[in-house]
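Proteins come first, then strands; the chains are lettered A, B, ... in the order of their sequence lines, and each starts at number 1. Quick caveat: nothing in here was measured; it's all calculated off a predicted structure.
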2 protein chains.
Amino acid sequence: MTDIALIESAREFNRFYTNFLGLLNKAYLDTPFTLTDARVLFEIGTHNGVNAGALARDLQLDPAYLSRILKRFREENLIEATPDPTDQRSQILTVTGKGRTQFEELGRRSNAQIAARFDTLADGEPQAAVAAMHTIRAILEPQARPAAAVIRPHRAGDIGWIVQSQGRFYAEEYGWDLRFEGLVADVAGKFLANFDPEMEYCWIAERGGINLGSVLITNGGDGIAKLRLLYVDKAARGLGLGRQLVDECIAFSRRKGYRQISLWTNDFLHAARAIYQKAGFQLVSEERHRMFGPEANGQTWVLDL
Amino acid sequence: MTDIALIESAREFNRFYTNFLGLLNKAYLDTPFTLTDARVLFEIGTHNGVNAGALARDLQLDPAYLSRILKRFREENLIEATPDPTDQRSQILTVTGKGRTQFEELGRRSNAQIAARFDTLADGEPQAAVAAMHTIRAILEPQARPAAAVIRPHRAGDIGWIVQSQGRFYAEEYGWDLRFEGLVADVAGKFLANFDPEMEYCWIAERGGINLGSVLITNGGDGIAKLRLLYVDKAARGLGLGRQLVDECIAFSRRKGYRQISLWTNDFLHAARAIYQKAGFQLVSEERHRMFGPEANGQTWVLDL
DNA sequence: TCAATTTAATTGACTCAGTCAAATAAAAGC
DNA sequence: GCTTTTATTTGACTGAGTCAATTAAATTGA
């Protein structure tokens with residue numbers, strides 16, 4: 001569950017932006033097009049060759065309604081529809097010369113609206129607003145994101161992120177109290193304070209500047225590497241990031257001459273457990289505990305290298 | 001004239017957000033309300049006592065259309081309209097008990113929609129998106145005054161946030177290395193691990209679900225309260241949050257019977273220093289150090305209570 | 001392979017959200 | 001006190017958008 005204040009903020013913005021868009025869309029008032037018409041023409045104009053189905057999906061329009069709009073556009077000679085050779089039910093939509101002229105005219109109007117608004121702003125404000133728009137879009141439109149997550153060493157702020165995300169996750173999902181976040185902070189703090197770059201490491205998985213996962217290897221002495229704070233954010237589950245992070249740990253530990261990797265986890269973390277098992281870790285001990293409130297089964301797993 | 005690429009970007013965002021809002025507004029599909037109905041009811045519910053004219057202006061609705069919506073709401077006993085004593089043409093609109101119930105139900109649905117969307121996002125992404133929304137709104141609607149910041153005790157994830165924001169801030173601004181983040185994590189971890197709710201406290205300043213600042217009081221023994229990790233995000237500088245946080249610390253420490261508050265800071269933190277001085281803290285010692293890379297002047301300040 | 005099912009697009013039949021012009025009635029201006 | 005302006009309502013539409021049924025091509029699977 002997300003913070004309620006955050007949701008209220010988002011709603012407030014949505015109300016504001018609904019108004020704002022309403023204002024902008026008055027640009028179409030003295031054209032023969034409605035907002036929906038304009039959206040359809042725009043979509044065909046920019047994605048020449050789409051079919052009606054894709055259009056209806058992308059613009060969230062009723063297929064019946066869209067069909068009528070397209071019919072009108074055809075009658076007015078704004079678009080052409082040729083049957084898709086690979087699927088005779090479908091048709092490929094393209095704008096005609098006349099359609100393109102109209103489309104460009106709509107674009108000019110729309111640009112003028114926004115330019116007028118931007119021209120009332122202070123220097124640098126349009127840039128800041130557009131940067132914020134990119135941020136929102138990158139977050140809310142997942143398919144527009146760079147697909148690949150990268151794994152990289154930690155930077156300033158990352159360790160704090162680990163503490164925050166683990167603290168929040170275990171509290172929300174398992175009802176663990178703040179002592180757990182304290183433990184994570186302690187482990188993380190010691191890691192940074194005594195950081196030995198020769199024998200220790202922290203990996204952060206990130207995508208588009210947003211952290212998605214983490215793990216770290218600390219030196220447990222006696223040739224034992226401790227794998228700690230494995231975490232994969234819920235937005236990135238199922239991408240194999242957990243596995244990749246553990247593999248990094250194993251490769252690093254081998255390279256550095258450790259003879260064993262040891263880790264502590266809890267039995268309810270099924271996904272993590274599956275990763276450890278698949279990587280060859282063995283369960284060596286298990287104990288019931290109430291360290292952080294609710295009862296849980298702590299488990300120690302090891303992998304001989 | 002504003003840069004054309006900027007305008008195109010804004011238009012692209014607008015198209016995207018039109019779709020996004022369209023998706024969200026499906027929340028009303030199985031209610032007897034249209035989006036416009038919901039907007040009107042929301043506006044009356046939150047601004048009890050508005051008149052129809054203001055409503056039409058704010059929501060950019062046709063007065064005729066609005067009049068009919070209000071008539072329907074009156075007939076369904078959702079709102080009440082009493083003539084404005086200062087202007088008999090106008091009427092003051094208020095929600096009835098039934099109207100308020102409906103209004104709250106709509107709010108719940110709307111919240112649920114956004115929560116469902118946010119729950120698919122990575123940790124920190126909702127916060128980042130909402131922060132960007134604030135940015136946009138502040139630019140496009142300058143007269144809108146931001147919601148008031150509130151100061152509240154810490155919750156799960158907050159301590160991690162403190163570590164992250166301080167770690168990042170000192171690294172970016174002063175080039176401090178990760179040992180500093182380690183120190184913060186250590187302090188924060190110990191705070192949580194040994195948390196004594198009788199004598200210790202953590203305050204988080206937040207606005208609309210976005211954390212803006214923090215401070216904590218730990219028990220230093222000998223009747224000395226330690227003020228630690230004072231931080232105000234750059235997005236919230238100049239609002240007096242730092243002062244408020246320090247005031248909370250002083251009031252708490254007095255209430256709990258501490259005889260002195262002590263804190264450690266660095267001389268380049270001018271804003272913080274001004275707050276401490278104004279609150280009556282005295283500089284008692286100063287030493288040069290290189291604990292976190294660049295040379296700095298550490299300072300100890302105390303306030304006798 | 002061919003009957004059953006699914007998918008893409010269209011058509012029929014509505015309705016109700018939203019518009020525009022005119023009317024009413026109170027307030028403000030001259 | 002007469003005219004003009006402002007807040008709201010009513011009359012009279014219309015066309016944007018919906019829902020169910022239909023057509024026809026593609027896909028599935030026994």
A/L61 CG to C/dA8 P, in whole Å, measures 16 Å
Discussion item. Any heavy-atom pair between the side chains of A/V232 and A/L245 that's under 4.5 Å?
Written reply: yes
Quick note, B/P63 side chain, CB onward, closest among C/dA17, C/dT10, D/dT8 is D/dT8
A/I92 CD1 to C/dA8 C1', in whole Å, measures 14 Å
B/A52 near the nucleic acid: base, sugar-phosphate alone, or nothing, with a heavy-atom cut-off under 4.0 Å?
-> sugar-phosphate
Whole-Å distance, A/N51 CG to D/dA25 P, equals 16 Å
Separation of C/dT11 atom P from A/R72 atom CZ, nearest Å, is 15 Å
Exercise. Give a yes-or-no answer on whether the side chains of A/Y17 and B/N14 include a donor-acceptor pair shorter than 3.5 Å.
Key: yes
Of the listed C/dT10, C/dC20, D/dT9, the closest approach to the A/R74 side chain comes from C/dT10
Subject >> Heavy-atom side-chain contact between A/V130 and B/F13 under 4.5 Å >> reply: no
Checklist entry - Between A/D84 and A/S90, is a side-chain hydrogen bond (donor to acceptor under 3.5 Å, both in side chains) present by the stated rule, with each step listed? => result CA-CA 5 Å; A/D84 182 340; A/S90 248; 4.9 Å; no
Whether A/R57 contacts C/dA9 is assessed here as follows: a side-chain N or O lying under 4.0 Å from the phosphate OP1 or OP2. Is that the case? no
Give a yes/no answer on whether the side chain of A/S90 brings an N or O atom under 4.0 Å of OP1 or OP2 in D/dA25.
no
Here the distance between atom C1' of D/dT9 and atom CD1 of B/I69, to the nearest Å, is 14 Å
(Q) Between D/dG15 and A/R68, counting only base atoms on the nucleotide and side-chain atoms on the residue, is there a donor-acceptor pair under 3.5 Å? (A) no
The answer to which of B/L70 and A/A64 contacts DNA chain D further toward the 5' end, by nearest nucleotide, is B/L70
Of the candidates D/dA16, D/dT8, C/dT10, the side chain of B/Q91 sits closest to D/dT8
To the nearest angstrom, the CG-C1' distance between B/L35 and D/dA16 comes to 15 Å
Practice problem: Just call it for A/R39: base, sugar-phosphate, or nothing, with non-hydrogen atoms closer than 4.0 Å on any strand. | Solution: nothing
In short, A/V95 meets A/R100 closest at the heavy-atom pair CG2-NH2, 3.4 Å
Per nearest nucleotide of DNA chain C, the residue lying toward the 5' end, A/D62 or B/Q88, is A/D62
From CG of B/D84 across to C1' of C/dA25 the rounded distance in Å is 15 Å
Between B/S67 and A/T34, whichever has its closest DNA chain D nucleotide further toward 5' is B/S67
Rounded to whole Å, CG of B/D37 lies from P of C/dC16 at a distance of 12 Å
